[in-house]
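Here the structure comes first, spelled out in structure tokens, and everything after it is commentary.
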Amino acid sequence: MLDRYDWTAITAALDTQGWAVLPGLLSPDQCDATAARYDEEAGFRSRVVMARHGFGRGEYRYFAYPLPDMVAALRTGLYPPLAAIANLWHHRMGLAHRFPPAHADFLVRCHDAGQLRPTPLLLRYGQGDYNCLHQDLYGEHVFPLQLAVLLSAPGRDFTGGEFVLTEQRPRMQSRASVVPLAQGDAVIFAVNQRPVRGSRGDYRVTLRHGVSELRSGQRHTLGIIFHDAK
């Protein structure tokens, strides 16, 4: 499933803008089945109502271990090509930390540092809901790329609710991007910082992500974060 993507082009997009789209990562049936899990009692470790914490409006639920097969497969399968990009980024930013080629080995690092809780999640938004700009860091060990898969169909299931990224470059105003997604599309994006090539070499920019206000309907998203949480 992942071999059909042009990872050279994905790497170039991430280097240029800090995000890249994987069209049709999940089928409509996979999207609908994953979204339907939200109302199941089993399989989750916690539920967060955003308004209670000042995160926005809407809610999300973190999966528990063992993860659903498809979620685990995405996490394991996407990690190796993204780890290669992450290591290049850390080299360019002058960071000594490197990521092992297998996700299981990276999770050992997380768990040894007390980051034991799984971070893949399902998010649900209704009319008037939104997600404030934020970063998903969770602990000392942070993998610099993550993934969001749109499970609902824009225009059919909801209106509004665009995926938004902002990028703060040194001594410059923030730049915003609205990422166009169809049902089943995934966006890969920087969790915290990424390198940008300048006239005097690479420098770091900081990114945050969120979701604009839904005007109507209901929107579900699957989030794949590669580091675990304390």
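Everything quoted here is computed from the prediction, not taken from an experiment.
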Scan side-chain atoms only and decide if S174 and Q168 contain a donor-acceptor pair under the 3.5 Å cut-off.
yes
Is the H97 to F99 ring centre distance short of 6.0 Å?
yes
Classify the angle between the aromatic ring planes of Y5 and W7 as parallel (below 30°), tilted (30 to 60°) or perpendicular (above 60°).
perpendicular
Side-chain donor-acceptor pair present, D136, H209, cut-off under 3.5 Å
yes
Side-chain cluster (under 4.5 Å, hydrophobic types only) that V142 belongs to, other residues:
L137, V191
Please tabulate, one pair per line, all N/O donor-acceptor pairs under 3.5 Å involving side-chain atoms of residues 178-189, not counting sequence neighbours.
from, atom 1, to, atom 2, distance (Å)
Q183, NE2, D32, OD1, 3.2
Q183, NE2, L151, O, 2.9
D185, OD1, G24, N, 2.8
D185, OD2, A182, N, 2.9

Just wondering, more than 12 heavy atoms not from R208 lying within 6.0 Å of its CZ?
no
W89 pairs by side-chain contact (heavy atoms from CB on, under 4.5 Å) with which of L95, D202, L14?
L14
For E40, is the CD atom crowded, meaning more than 12 foreign heavy atoms sit under 6.0 Å from it?
yes
Do you know the tightest heavy-atom contact between S152 and P154?
O-CD, 3.4 Å
Consider only side-chain heavy atoms of I, L, V, M, F, W and Y, link residues closer than 4.5 Å, and tell whether L122 and L67 are in one cluster.
yes
Regarding D228 and R117, does a basic nitrogen lie under 4.0 Å from an acidic carboxylate oxygen?
no
Membership question, hydrophobic clusters at under 4.5 Å side-chain separation (ILVMFWY): are V108 and F143 in the same one?
no
Is it possible for you to say whether V149 and L165 belong to one hydrophobic cluster, with membership spreading through side-chain heavy-atom contacts below 4.5 Å?
no
Please report whether the ring centroid of F158 lies less than 6.0 Å from that of Y125.
no
Tell me the closest heavy-atom pair linking P100 and Y79, and the distance in Å.
O-OH, 2.7 Å
Heavy-atom closest pair, residues P120 and I224
CB-CD1, 4.5 Å
Take atom CZ in R156; do more than 12 heavy atoms of anything else shown fall under 6.0 Å from it?
yes
D3 atom CG, neighbour heavy-atom count above 12 within 6.0 Å:
no
All heavy atoms of R4 vs all of P23, minimum pair found to be NH1-O, 3.8 Å
What's the separation between atom CZ in R219 and atom CZ in R124, rounded to the nearest 0.5 Å?
14.0 Å
Roughly how far apart are L123 CG and Y62 OH, rounded to 0.5 Å?
8.5 Å
Distance check, rounded to the nearest 0.5 Å: L222 atom CG versus Y38 atom OH?
13.0 Å
R204 and Q193 have their tightest heavy-atom pair at CD-OE1, 3.5 Å
Within the supplied structure, the quantity of interest is the number of heavy atoms (other residues, nucleotides, ligands) at a distance under 6.0 Å from H134 NE2; does it exceed 12?
yes
Using a cut-off of 6.0 Å, state whether more than 12 heavy atoms not belonging to D69 lie near its atom CG.
no
What pair of heavy atoms forms the shortest contact from R194 to T16, and how long is it?
NH2-O, 3.2 Å
Establish whether I225 and L116 are linked, either directly or via other cluster members, by ILVMFWY side-chain heavy-atom contacts under 4.5 Å.
no
To the nearest 0.5 Å, how far apart are OG in S212 and CG in L133?
10.5 Å
